[in-house]
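Naming convention: chains lettered A, B, ... in sequence-line order (proteins, then strands); numbering from 1 in each chain.
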Number of protein chains: 2
Amino acid sequence: MAEKAIIKYLSGKNLKLTPQRKLILEVFLNQGGHVSSEELYDIVKARNPGIGQATVYRTLKLFSEAGIAEEVRFGDGVSRYERKDSQNHHDHIICEKCFRQVEFSDPTIEDLQEKQARKHGFDLISHRMVLYGVCSDCRE
Amino acid sequence: MAEKAIIKYLSGKNLKLTPQRKLILEVFLNQGGHVSSEELYDIVKARNPGIGQATVYRTLKLFSEAGIAEEVRFGDGVSRYERKDSQNHHDHIICEKCFRQVEFSDPTIEDLQEKQARKHGFDLISHRMVLYGVCSDCRE
DNA sequence: TAGAAAATGATAATCATTATCACCTCTGAC
DNA sequence: GTCAGAGGTGATAATGATTATCATTTTCTA
Ligand SMILES: [Mn+2]
Ligand SMILES: [Mn+2]
Ligand SMILES: [Zn+2]
Ligand SMILES: [Zn+2]
């Protein structure tokens, strides 16, 4: 469970499990989808009005480092976060008209990325891949 | 040639060929690699000190729309541009330690991207793919 | 060559994110 | 219990790349 992973990560680094982090974690996990820091802040604020926006930024970055969240950038200048499931990685396709987005996973592509990296002497750590197109609805 | 492409693009849209655009084009084409707007601005400024930074931003965007430049984002918050060769698309691998970057092209990946898009009802327009890893030098 | 349309350069504005810093909270010696 | 230190928080200022604004200048065409 993600809460366990966070507790483990925090204790391994002498970091603390605070009420703010607990709350942000709970909201983040129940949220699903791709959430920006500001969106999450609005939700969290409703439960704890005293919370600061900087804390949400900091905590989402912390979740990424702990491996339970992944930053996604669709190119609009805003970072979004989604739950990270190391068993089930996926990438995204976005409609340039309506911004609807679809998740997909393609093990063959992942394999080839790995091979390309090795071929050029790199140990692959991660990748970003976003496809941009026009969805069926927007094509008329 | 790229200059021809620009002239064609401009005249087709009632846009004008100015000395600034000519100069920025020449510098951009002779530059090669991945250039940020600011880097290009510094070079251009040496040849024409009166030029404005906003003009460089505007012109690089124009080149992208005209199809002779392509915006590349490596995730450091800066947009870079490189010459676009529609015959020879490529993607990038970046070292997370030294930021050295390598270009590669993999037609099979491109095919599979196209297929994934179609499979989800999208007409694929473009994609961004950047691999992050550690290069041979930085691995020790 | 005149006039409309577009471009330019200086400058201010934007806006997501980060840095700063005074204060708070916890934990573990003593 | 007291204290000290490490880490955390919230308010706020700062950052920095990019874009918007606008008065002025330039281009192009009829
Ligand atoms: Mn997703
Ligand atoms: Mn390149
Ligand atoms: Zn759509
Ligand atoms: Zn390296």
Side-chain angles (χ1 to χ4, degrees), chain A residues 6-28 34-66 69-81 99, chain B residues 3 6-28 34-66 69-81:
Chain A
I6 280 294
I7 292 172
K8 192 173 187 179
Y9 180 83
L10 294 178
S11 67
K13 300 212 158 194
N14 286 333
L15 304 180
K16 292 167 185 173
L17 184 58
T18 63
Q20 290 91 337
R21 286 174 177 170
K22 272 188 214 161
L23 174 57
I24 294 169
L25 177 64
E26 185 195 328
V27 171
F28 173 67
H34 313 96
V35 205
S36 69
S37 184
E38 184 160 19
E39 286 162 357
L40 207 58
Y41 171 61
D42 287 340
I43 301 169
V44 164
K45 197 173 42 178
R47 301 258 304 266
N48 175 359
I51 207 158
Q53 188 155 17
T55 298
V56 179
Y57 274 102
R58 286 188 283 237
T59 304
L60 283 172
K61 187 167 290 189
L62 178 74
F63 290 170
S64 292
E65 289 156 3
E70 183 155 23
E71 194 183 8
V72 190
R73 293 184 199 172
F74 293 147
D76 63 348
V78 183
S79 283
R80 291 163 195 285
Y81 293 84
F99 301 103
Chain B
E3 181 139 5
I6 281 293
I7 291 172
K8 192 172 186 179
Y9 179 83
L10 294 178
S11 67
K13 299 212 157 192
N14 286 332
L15 305 179
K16 291 164 186 177
L17 184 58
T18 65
Q20 291 91 336
R21 286 174 176 170
K22 274 188 214 160
L23 175 58
I24 294 170
L25 177 64
E26 185 195 330
V27 171
F28 173 67
H34 313 97
V35 205
S36 69
S37 185
E38 185 160 21
E39 285 162 357
L40 207 58
Y41 171 60
D42 287 339
I43 301 169
V44 163
K45 197 174 39 177
R47 304 253 308 261
N48 175 358
I51 208 159
Q53 188 155 17
T55 299
V56 179
Y57 274 102
R58 286 187 282 236
T59 304
L60 283 172
K61 187 168 291 187
L62 177 74
F63 290 170
S64 292
E65 288 156 4
E70 182 155 23
E71 193 183 9
V72 190
R73 293 183 198 175
F74 293 147
D76 62 348
V78 182
S79 282
R80 290 163 195 285
Y81 293 85

Report task. For the side chain of R21(B), starting at C-beta, report the closest nucleotide among dC28(D), dT17(C), dA7(C). Result -> dA7(C)
Query raised in the report: What is the distance, rounded to the nearest whole Å, between atom CG of N48(B) and atom P of dA7(C)?
Result: 17 Å
**Report entry** Separation of dC15(C) P from E39(A) CD (nearest whole Å)
**Finding:** 16 Å
Requested in this report: Select base, sugar-phosphate, or nothing to describe what S79(B) touches, counting heavy atoms under 4.0 Å on all strands.
Outcome: sugar-phosphate
**Report entry** Salt bridge flag under 4.0 Å for residues E3(B) and K22(B)
**Finding:** no
Query raised in the report: Which heavy atom of S36(A) sits nearest a heavy atom of V78(A), and at what distance?
Result: CB-CG1, 3.7 Å
Report summary line: Closest to the 5' end of DNA chain D, once V78(B) and L17(A) are matched to their nearest nucleotides, is L17(A)
Query - d(CG, D76(B); C1', dT18(D)) in whole Å - result: 14 Å
Query raised in the report: Is there a donor-acceptor pair closer than 3.5 Å between any side-chain N or O of E26(A) and the backbone N or O of L23(A)?
Result: no
Would you tabulate the side-chain donor-acceptor contacts of residues 6-17 of chain B under 3.5 Å, counting partners in other chains and residues two or more places apart, or write 'none'?
unit_1 : atom_1 : unit_2 : atom_2 : d
S11(B) : OG     : I7(B)  : O      : 3.2
S11(B) : OG     : K8(B)  : O      : 3.1

Requested in this report: Could you tell me the separation between the CG atom of L25(A) and the P atom of dG8(D), rounded to a whole number of Å?
Outcome: 15 Å
Query raised in the report: dT26(D) P sits how many Å from L23(B) CG, rounded?
Result: 16 Å
**Report entry** CD on E65(B) to CG on L62(B), rounded to 0.5 Å
**Finding:** 6.0 Å
Query raised in the report: Within a strict 4.5 Å, meaning less than it, do heavy atoms of the R73(A) and R73(B) side chains meet?
Result: no
Query - E70(B)/F63(B) under side chain to side chain contact (heavy atoms under 4.5 Å, CB included): CA gap, chis, key distance, verdict - result: CA-CA 8 Å; E70(B) 182 155 23; F63(B) 290 170; over 6 Å; no
Query raised in the report: Rounded to the Å, how far apart are F63(B) CZ and dA7(C) C1'?
Result: 14 Å
Requested in this report: For the residue pair R80(A) and V35(A), establish whether any side-chain heavy-atom pair is separated by less than 4.5 Å.
Outcome: no
Query - Contact list for DNA chain C against residues 6-16 of chain B - heavy-atom distance below 4.0 Å - result: N14(B), L15(B), K16(B)
Report task. Mind calculating the distance between NZ (K22(B)) and P (dA7(C)) to the nearest angstrom? Result -> 14 Å
Report task. Indicate whether OP1 or OP2 belonging to dA7(C) is found under 4.0 Å from a side-chain N or O atom of T18(B). Result -> no
**Report entry** Full working for salt bridge (Lys or Arg N to Asp or Glu O under 4.0 Å) between E71(A) and K61(A)
**Finding:** CA-CA 8 Å; E71(A) 194 183 8; K61(A) 187 167 290 189; over 6 Å; no
Report task. For E38(A) and for Q20(B), find the nucleotide of DNA chain C with the closest heavy atom, then tell me which residue's nucleotide is more 5'. Result -> Q20(B)
Requested in this report: Take the protein atom OH of Y41(A) and the nucleotide atom C1' of dT9(D), then report the distance between them rounded to whole Å.
Outcome: 12 Å
Measure all distances between protein nitrogen or oxygen atoms and nitrogen or oxygen atoms of nucleotides 19-23 of chain D, and list the pairs falling under 3.5 Å.
unit_1  : atom_1 : unit_2 : atom_2 : d
dT19(D) : OP1    : K61(B) : NZ     : 2.7
dT19(D) : OP2    : K61(B) : NZ     : 3.3

